[in-house]
Participant: 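Following this message is one structure expressed as structure tokens.
Atoms within a ligand are numbered from 1 in the order they appear, just like the ligands themselves.
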Amino acid sequence: MAYDPNNVFAKILRGEIPCKKVYENEHVLAFHDIAPRAPVHVLVIPKGAYVSMDDFTAKASAAEQAAFLTAVGDVARQVGLAGKGYRVLSNVGEDGHQEVPHLHMHIFGGRPLGAMIGKAG
Ligand code: AMP
């Protein structure tokens with residue numbers, strides 16, 4: 001899938017729409033989800049134009065990839081979830097029910113999250 005520069009996270013990165021920022025560095029931005037599914041629901045995104053995890057690992061530099069992974073753990077700690085437990089999730093494409101076509105990692109926490117996903121079938 002080609003990257004759509006008009007997706008909502010691209011607009012956040014360009015400063016065209018606001019976000020509730022929790023973390024930022026050269027390669028990564030993290031902010032609160034606008035429609036939280038848990039008491040803590042943060043999104044971590046790379047600043048580069050990548051659609052998905054597989055697009056990212058095919059095209060992003062080693063520095064970008066390291067920064068993204070590091071940010072996920074650092075943000076979880078920063079928002080107080082380390083030790084309590086949390087869930088990290090990335091939806092990709094049609095089967096993954098991805099709504100925003102810019103790579104993002106959801107971090108959920110703040111309550112027991114239940115089983116992972118429904119069983120196959
Ligand atoms: P996904 O289905 O994984 O693509 O999830 C996209 C997520 O982006 C959803 O949880 C939305 O609530 C969230 N979202 C959409 N627009 C915004 C926005 N402007 N600021 C923060 N989160 C957003």
Participant: Of all the heavy-atom pairs spanning P39 and G110, show the shortest one and how long it is.
Facilitator: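 That would be CG-O, 3.6 Å.
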Participant: With clusters defined by side-chain heavy atoms of hydrophobic residues (ILVMFWY) lying less than 4.5 Å apart, directly or transitively, does I17 cluster with L29?
Facilitator: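 Cluster IDs for L29 and I17 match.
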Participant: Could you name the option among I34, I12, L43 that has the heavy atom nearest to atom 15 (C) of ligand 1?
Facilitator: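 Nearest option to atom 15 (C) of ligand 1, by heavy atoms: I34.
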Participant: Heavy-atom contact under 4.0 Å between H104 and ligand 1?
Facilitator: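 A heavy atom of H104 does come that close to ligand 1.
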Participant: Does K11 come within less than 4.0 Å of ligand 1, judged by its heavy atoms?
Facilitator: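 False for this residue.
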Participant: Any atoms of ligand 1 less than 4.0 Å from a non-hydrogen atom of H32? List them with their elements.
Facilitator: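 Those qualifying, in numeric order: 21 (C).
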Participant: Is the distance from the ring center of H106 to that of H104 below 6.0 Å?
Facilitator: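 Yes, the ring centres sit under 6.0 Å apart.
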Participant: Would one find more than 12 heavy atoms of other residues, nucleotides or ligands at under 6.0 Å from atom CZ of R111?
Facilitator: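 Above 12, so yes.
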Participant: Counting only heavy atoms closer than 4.0 Å, does ligand 1 sit against the backbone of H97, its side chain, both, or neither?
Facilitator: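 The part of H97 near ligand 1 is the backbone, not the side chain.
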Participant: Which residue holds the protein heavy atom closest to atom 4 (O) of ligand 1, what is that atom called, and what is the gap in Å?
Facilitator: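 Sorting protein heavy atoms by distance from atom 4 (O) of ligand 1 puts E99 N, 2.7 Å first.
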Participant: Identify the protein heavy atom lying closest to atom 8 (O) of ligand 1, giving its residue, its atom name and the separation to 0.1 Å.
Facilitator: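 So the nearest neighbour among protein heavy atoms is F9 CZ, 3.4 Å.
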Participant: A quick test of your reading: do over 12 heavy atoms of other residues, nucleotides or ligands sit less than 6.0 Å from CG of D95?
Facilitator: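 No, because the 6.0 Å sphere around CG of D95 holds 12 heavy atoms or fewer from other groups.
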Participant: Nearest 0.5 Å please: distance from the CG atom of N7 over to the CD1 atom of I45.
Facilitator: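 The distance works out to 8.0 Å.
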Participant: Heavy-atom contacts with A35 under 4.0 Å: which atoms of ligand 1 show up? List them by number with element.
Facilitator: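 Per the distance check, 12 (O).
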Participant: Using a strict cut-off of 4.0 Å, indicate which atoms of ligand 1 neighbour a heavy atom of D33.
Facilitator: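 Here the atoms of ligand 1 in question are 7 (C), 8 (O), 9 (C), 10 (O), 11 (C), 12 (O), 13 (C), 22 (N).
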Participant: Output yes when K47 and E26 qualify as a salt bridge under the 4.0 Å nitrogen-oxygen rule, no when they do not.
Facilitator: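 Here K47 does not pair with E26 in a salt bridge, since their nearest N and O are not under 4.0 Å apart.
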Participant: Could you work out the complete set of other residues in the hydrophobic cluster of F108, with links drawn between I, L, V, M, F, W and Y side chains under 4.5 Å apart?
Facilitator: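 Same cluster as F108: L89, L113.
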Participant: Check each atom of ligand 1 against the heavy atoms of N91 and keep those under 4.0 Å away; list them by number with element.
Facilitator: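 It comes down to these atoms of ligand 1: 1 (P), 2 (O), 3 (O).
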Participant: Judged by non-hydrogen atoms, does R37 sit under 4.0 Å from ligand 1?
Facilitator: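 Per 4.0 Å heavy-atom rule, R37 does not contact ligand 1.
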Participant: Verify the cluster assignment for Y50 and F68: are they in a single hydrophobic cluster under the rule of side-chain heavy atoms below 4.5 Å apart?
Facilitator: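 As far as the 4.5 Å side-chain criterion goes, F68 and Y50 are connected within one cluster.
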Participant: Looking at H106, which atoms of ligand 1 are within less than 4.0 Å of one of its heavy atoms?
Facilitator: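 Every atom of ligand 1 under 4.0 Å from some heavy atom of H106: 1 (P), 3 (O), 5 (O), 7 (C), 10 (O).
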Participant: Can you list the atoms of ligand 1 that are under 4.0 Å from a heavy atom of F31?
Facilitator: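 Heavy-atom distances to F31 below 4.0 Å select 21 (C).
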Participant: Does only the side chain of V8 get under 4.0 Å from ligand 1, or the backbone, or both, or neither? Count heavy atoms.
Facilitator: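 Looking at V8 and ligand 1, just side chain atoms fall under 4.0 Å.
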